Number of protein chains: 2
Amino acid sequence: MNAVGKKTGSEFSERLNTGGFRFTPQRQQVYDVLLQKRDHPTAEEVFIRAKKQMPEISHATVYNCLDALVECGLLRQVQLDRGATRFCPNMREHCHFYCDVCDSVYDVDLPAKSQPGVSLPKGFKAERYEIAIHGVCPDCAKAKMKK
Amino acid sequence: MNAVGKKTGSEFSERLNTGGFRFTPQRQQVYDVLLQKRDHPTAEEVFIRAKKQMPEISHATVYNCLDALVECGLLRQVQLDRGATRFCPNMREHCHFYCDVCDSVYDVDLPAKSQPGVSLPKGFKAERYEIAIHGVCPDCAKAKMKK
DNA sequence: GTCAAGATTTGGAATAATTCTAAATTGTGG
DNA sequence: CCACAATTTAGAATTATTCCAAATCTTGAC
Ligand SMILES: [Mn+2]
Ligand SMILES: [Mn+2]
Ligand SMILES: [Zn+2]
Ligand SMILES: [Zn+2]
């Protein structure tokens, strides 16, 4: 993996295979859309962007591809508010800042040793943590001040 | 507030007032439903339960009430998966354990000094943190073992 | 290479979740 | 009592996601 987390074609293909999926142009296209603009788009947004390059791609396929890519560890799924699910190709450990004013989403790196020291009651098996920070982004904070 | 976080009628009413809302029987009913079974129900679930006591209550009212109660700090809204938003009357600092197998949700207390030491880039104003732990609950873990 | 089986895609229908709208009802203060 | 604003209501509308059956593609066996 290089600096921005982009994978070579063969790495991408391998990752799909080990997850039990085949390589398909649609899956590649959906993944490319996610890499091109890292603004945590919704499935609908991905569909719109993917159609520009691949006009025949269908809505259902975008959902299928997104699910497959999440399942094989190439994408993360992010739930932030009542709206649609968003997707993120950054697989480094990070959390999300969500601006409650403009709905934008930013990746926020977590300090090296971060796993929140939560102690779970006996019997619970934790698989992953999702941390979301709600607040106001710099642009909206500035806009608010002027008011 | 007593041990389980339940508020007296007048505390409830005051909280609404300071948020700029009136007391209404529907708001009380919705809040009571949340207190009665702390399983993080969805709006639809709240609607079904509220109707048992108040058969004329409408769908839209349940959404309105939930939003009002969230806005005045009597409920928390919780986003865990692609499904419907859930609601929680526990206003102590806590996070959520979500069982990916059976969709159940559990409150998990956070250690006293907990605020994840995330340093936000300049300009971002954090208002609240939401931590979700995805994994397998004790019941589902047991069921898995038997297999 | 041909063929069958399984995986994937497609368009559209179906369902689920939420929001909107306009009219009726309720509560408040004058 | 009256005017006014807040709230509720039923149902329509919209948004998000899932489901379905038919078409297409891929792969492995022969
Ligand atoms: Mn991200
Ligand atoms: Mn909770
Ligand atoms: Zn913003
Ligand atoms: Zn479970």
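Within every chain, numbering begins at 1; the chains are lettered A, B, ... in the order of the sequence lines, protein sequences first and strands thereafter. These numbers were taken from a predicted model, which means no experiment stands behind them.
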Can you check whether [X] has a side-chain N or O nearer than 4.0 Å to OP1 or OP2 of [N]?
X	N	answer
B:Thr61	D:dT9	yes
B:Gln26	C:dT26	no
A:Arg82	D:dT15	no
B:Thr24	D:dT8	yes

Spacing between [X] atom [atom1] and [N] atom [atom2], to the nearest angstrom:
X	N	atom1	atom2	value
A:Glu44	D:dT14	CD	C1'	12 Å
A:Asp103	D:dA16	CG	P	11 Å
B:Leu69	D:dT7	CG	P	12 Å
A:Glu45	D:dA16	CD	C1'	14 Å
B:Gln28	D:dT8	CD	P	12 Å
A:His59	C:dT15	NE2	C1'	14 Å
A:Asn64	D:dA23	CG	P	19 Å

Using modelled atom types only, decide if a donor and an acceptor are shared between the side chain of [X] and the backbone of [Y] within a distance under 3.5 Å.
X	Y	result
B:Arg27	B:Arg22	yes
A:Arg128	B:His134	no
B:Thr18	B:Glu14	yes

If you look at every strand shown and take non-hydrogen atoms under 4.0 Å, does A:Thr42 touch a base, only sugar-phosphate, or nothing? nothing
Need one value for B:Ala60: base, sugar-phosphate or nothing, where a base atom within 4.0 Å counts as base even if backbone is also close, heavy atoms only.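 Result for B:Ala60 = base.
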Greater than 12 external heavy atoms within 6.0 Å of B:Glu44's CD: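 Yes, the 6.0 Å shell around CD holds more than 12 heavy atoms from other groups.
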Along DNA chain C (nearest heavy atom to each residue), the more 5'-positioned of B:Arg22 and B:Gln79: B:Gln79
Check whether the ring centres of A:Tyr63 and A:Phe47 lie less than 6.0 Å apart, and answer yes or no.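 Between A:Tyr63 and A:Phe47, the centre distance exceeds or equals 6.0 Å.
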